[in-house]
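Each chain gets a letter, A, B and so on, in the order its sequence line appears, and its residues count up from 1. Note that the coordinates shown come from a computational prediction; the quantities given were computed from them, not determined experimentally.
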Amino acid sequence: MSNHSGLDKPDFGAWVKNVWQVVQGIPRGCVLTYGEVARLAGSGGSARRVSQAMRRAPRGMELPWHRVINAQGGISFPLDSEGYRQQKALLEKEGVVFRNGKTNLQRYGYAGALDRLLWGETES
DNA sequence: CCATTGACCGGCT
DNA sequence: TAGCCGGCCAATG
């Protein structure tokens with residue numbers, strides 16, 4: 001029951017809200033990949049849906065969207081777009097360093113944060 | 001309703 | 001290291 005004519009949407013809407021919360025939980029100066037955000041929000045969607053979820057965020061909602069990057073450690077906007085420049089600028093302002101258009105996920109990413117807690121500032 | 005798109009990802013060559 | 005390919009799934013035309 002309840003499944004009839006377009007009812008019972010697989011709570012994609014709920015998943016979207018989870019995405020917002022996950023993104024809001026990313027500390028300043030740190031980053032998370034689309035895939036990681038998707039997973040932390042629950043196994044309902046996929047990495048590709050994360051961008052849609054963030055675009056759906058209400059105007060005025062505080063959402064550090066710039067802390068979400070791709071699994072290669074780079075920004076996923078076209079290189080010559082305004083979004084690319086803006087995201088990079090926001091991240092650099094938080095101390096995230098780019099080398100050849102990519103950041104070191106081992107250092108700024110999720111796993112990196114754990115490693116630093118356990119091993120301290122190993123880094124090279 | 002079918003086809004294409006997209007702020008992606010992992011595996012394979 | 002770099003590039004191609006298939007899968008993913010809601011949104012858009």
Side-chain angles (χ1 to χ4, degrees):
Chain A
M1 44 181 84
S2 37
N3 69 343
H4 190 252
S5 39
L7 181 44
D8 267 26
K9 300 197 152 153
D11 31 344
F12 180 65
W15 183 80
V16 166
K17 289 178 186 169
N18 288 340
V19 168
W20 297 341
Q21 300 218 340
V22 170
V23 173
Q24 289 176 329
I26 306 174
R28 201 172 163 334
C30 293
V31 297
L32 233 55
T33 70
Y34 293 95
E36 285 167 341
V37 172
R39 237 176 257 235
L40 291 173
S43 38
S46 65
R48 256 202 151 112
R49 310 270 83 44
V50 173
S51 54
Q52 277 183 287
M54 290 196 286
R55 201 151 260 209
R56 276 195 176 197
R59 302 250 288 163
M61 168 183 245
E62 195 174 323
L63 193 71
W65 57 273
H66 59 279
R67 295 182 191 149
V68 184
I69 62 181
N70 62 42
Q72 278 60 53
I75 290 171
S76 291
F77 282 110
L79 192 58
D80 58 1
S81 70
E82 196 52 46
Y84 182 95
R85 286 188 283 277
Q86 191 177 354
Q87 185 168 13
K88 185 168 180 239
L90 286 169
L91 284 174
E92 287 181 327
K93 196 170 66 173
E94 296 185 353
V96 177
V97 177
F98 282 82
R99 193 200 10 164
N100 294 331
K102 314 223 165 151
T103 72
N104 186 346
L105 285 178
Q106 287 297 309
R107 184 180 182 84
Y108 305 107
Y110 189 72
L114 271 179
D115 281 355
R116 265 171 297 159
L117 283 175
L118 299 173
W119 291 78
E121 286 284 326
T122 49
E123 208 290 322
S124 64

Would you classify A:Gly83 as touching base, sugar-phosphate or nothing, given that sugar-phosphate means primed atoms plus P, OP1 and OP2, and contacts are heavy atoms under 4.0 Å? nothing
If only side-chain N and O atoms of A:Ser46 are considered, is one of them under 4.0 Å from the OP1 or OP2 phosphate oxygen of C:dC9? no
Grab the CG-P distance between A:Leu63 and B:dA7 for me, whole Å please. 16 Å
For A:Tyr84, does the OH atom have more than 12 heavy-atom neighbours from other residues, nucleotides or ligands under 6.0 Å away? yes
Interatomic distance where NZ belongs to A:Lys17 and P belongs to C:dA10 [whole Å]: 17 Å
Consider the side chain of A:Ala47, meaning its heavy atoms from C-beta on, and name the nucleotide among B:dA7, C:dA10, B:dC8 that approaches it most closely. B:dC8
A:Ile26 has an atom CD1; how far is it from atom P of B:dA7, in whole Å? 18 Å
Output the distance between atom OG1 (A:Thr103) and atom CD (A:Gln72), rounded to the nearest 0.5 Å. 11.0 Å
Which is true for A:Thr33 with a 4.0 Å heavy-atom rule: it touches a base, it touches only sugar-phosphate, or it touches nothing? sugar-phosphate
Could you tell me the separation between the OH atom of A:Tyr108 and the CZ atom of A:Arg67, rounded to the nearest 0.5 Å? 14.0 Å
Using whole Å, report how far CG of A:Asn70 lies from P of B:dA7. 12 Å
Does the distance from a Lys or Arg side-chain N to an Asp or Glu carboxylate O, for A:Arg85 and A:Glu82, drop under 4.0 Å? yes
